[in-house]
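Notes follow once the structure below has been shown.
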Amino acid sequence: MKVLVATEKPFAAAAVEGIRKEVEGAGHELALLEKYTEKQQLLDAVADADALIIRSDKVTAEVLEAAKQLKIVVRAGAGYDNIDCEAAKAKGVVAENTPGQNANAVAELVFGMLVYAVRNFYNGKAGTELLGKKLGILAFGNVGRNVARIAKGFGMDVYAYDAFCPADVIEAAGVHAASSQDALFETCDVVSLHIPATPETKQSIDKALVGKMKKGGILVNTARKEVINEPELLELMAEREDIKFVTDIMPDANDEFTKFAGRYFSTPKKMGAQTAEANINAGIAAAKQINAFFKDGCTKFQVNK
Ligand code: 3PG
């Protein structure tokens, strides 16, 4: 079987070597399409691939149509909003993700950006500390739980809300369970977003919600830009000069956000999962899942059932 790694944002070299070892060790062939810049390169490369490993690369109906031999696509990472799961299902292609494998990397970046924000983007003026501040985690999945673990090390008072995770599970992790999303924003000094981009969550982080934050509130986004209602957040930041917004996913309206100098920061390119460890964990997990699929028909991590 031919396994194609197609990554516009490439994995660390050690991760590619690990993937090669897994794939070739199972008797399959490995092909690489790294740092591609044109969609056509992806369309050409998938033509004879039996399996595909991707990151945030878009696997659209067009890509699936071009991938005549494709049986499985694995998103090396958590969010699979870049895969047209319905189109894959219609073509009998199994779509999987590798949950949890890059969660710590994303969680660590939350604090990288948060310290930067509370210290006024290192402009030399007195900032604040994280010790004793209330941190709100929106969605208590793999990343959210790692954020909670690290926040405790900073001595933060940690809250979480997750529409799909019962309060007793959150409390068992030593975290206060907020009664609602609104309550989380009302209570906390900082809110960190870890919700996936779904029809329900897209645009859900809006003016009314973020506007509930106390004076000096900080919003951290390491999830997806689509969950933010950008026009409304811009409006709120214009009205509330105390609100800060730091993000690992550059908003479409980045130029407008940059007008809020000293209160806004975006990484130039999504960096959350961009560590050697996360690349190795997620890349090798993806290769192992593909091997298990071809060997035993295992579809444990299928997301388009
Ligand atoms: C994920 O969903 O796993 C993260 O957003 C990482 O995305 P990336 O592989 O494009 O860095």
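The residues of the chain are indexed from 1 along the displayed sequence. Counting starts at 1 for both ligands and their atoms, following the listed order. Because only heavy atoms are used, hydrogens play no part in the values below, and waters and symmetry mates are left out as well, while side chains stay in.
Close approach of ligand 1 to Gly77 is summarised as follows: ligand atoms under 4.0 Å from at least one heavy atom of the residue are 3 (O). Taking every non-hydrogen atom of Ala273 and a distance limit under 4.0 Å, the qualifying atoms of ligand 1 come out as 6 (C), 11 (O). Those atoms of ligand 1 that come under 4.0 Å of a heavy atom in Asn102, given as number and element, are 1 (C), 3 (O), 6 (C).
At the shortest separation from atom 10 (O) of ligand 1 among protein heavy atoms lies Ser56 OG, 2.4 Å. With hydrogens left out, the protein atom closest to atom 11 (O) of ligand 1 is Lys9 NZ, 2.8 Å, a heavy atom. At the shortest separation from atom 9 (O) of ligand 1 among protein heavy atoms lies Arg55 NE, 2.9 Å.
Ionic pairing of Lys270 and Asp248 is not present here: no N-O contact between side-chain nitrogen and carboxylate oxygen is shorter than 4.0 angstrom. Electrostatic pairing of Lys215 and Asp242 does not count as a salt bridge here, judged by no charged N lying under 4.0 Å from a carboxylate O. Here Glu65 pairs with Lys91 in a salt bridge; the nearest charged N to carboxylate O distance falls below 4.0 Å.
Asp81 places no side-chain N or O within 3.5 Å of a backbone atom of Pro196 that could act as its donor or acceptor partner. For the pair Arg20 (side chain) and Glu24 (backbone), a donor-acceptor distance under 3.5 Å is absent.
Side-chain atoms of Asn281 and Glu277 include no donor-acceptor pair closer than 3.5 Å. Judged by distance alone, the side chains of Thr201 and Thr198 do bring a donor and an acceptor atom under 3.5 Å apart.
Residue Ala78 places at least one N or O, backbone or side chain, under 3.5 Å from an N or O of ligand 1. The shortest N or O to N or O distance between Gly79 and ligand 1 is under 3.5 Å.
Judged by the shortest distance from any of its heavy atoms, Arg75 lies inside the 4.0 Å radius around the atoms of ligand 1. Taking a 4.0 Å cut-off on heavy atoms, Lys270 registers as neighbouring ligand 1.
Between Phe257 and Tyr264, the ring planes lie parallel to each other; the angle is under 30°, not in the 30° to 60° tilted range.
Heavy atoms of Arg224 found under 4.0 angstrom from ligand 1 belong exclusively to the side chain.
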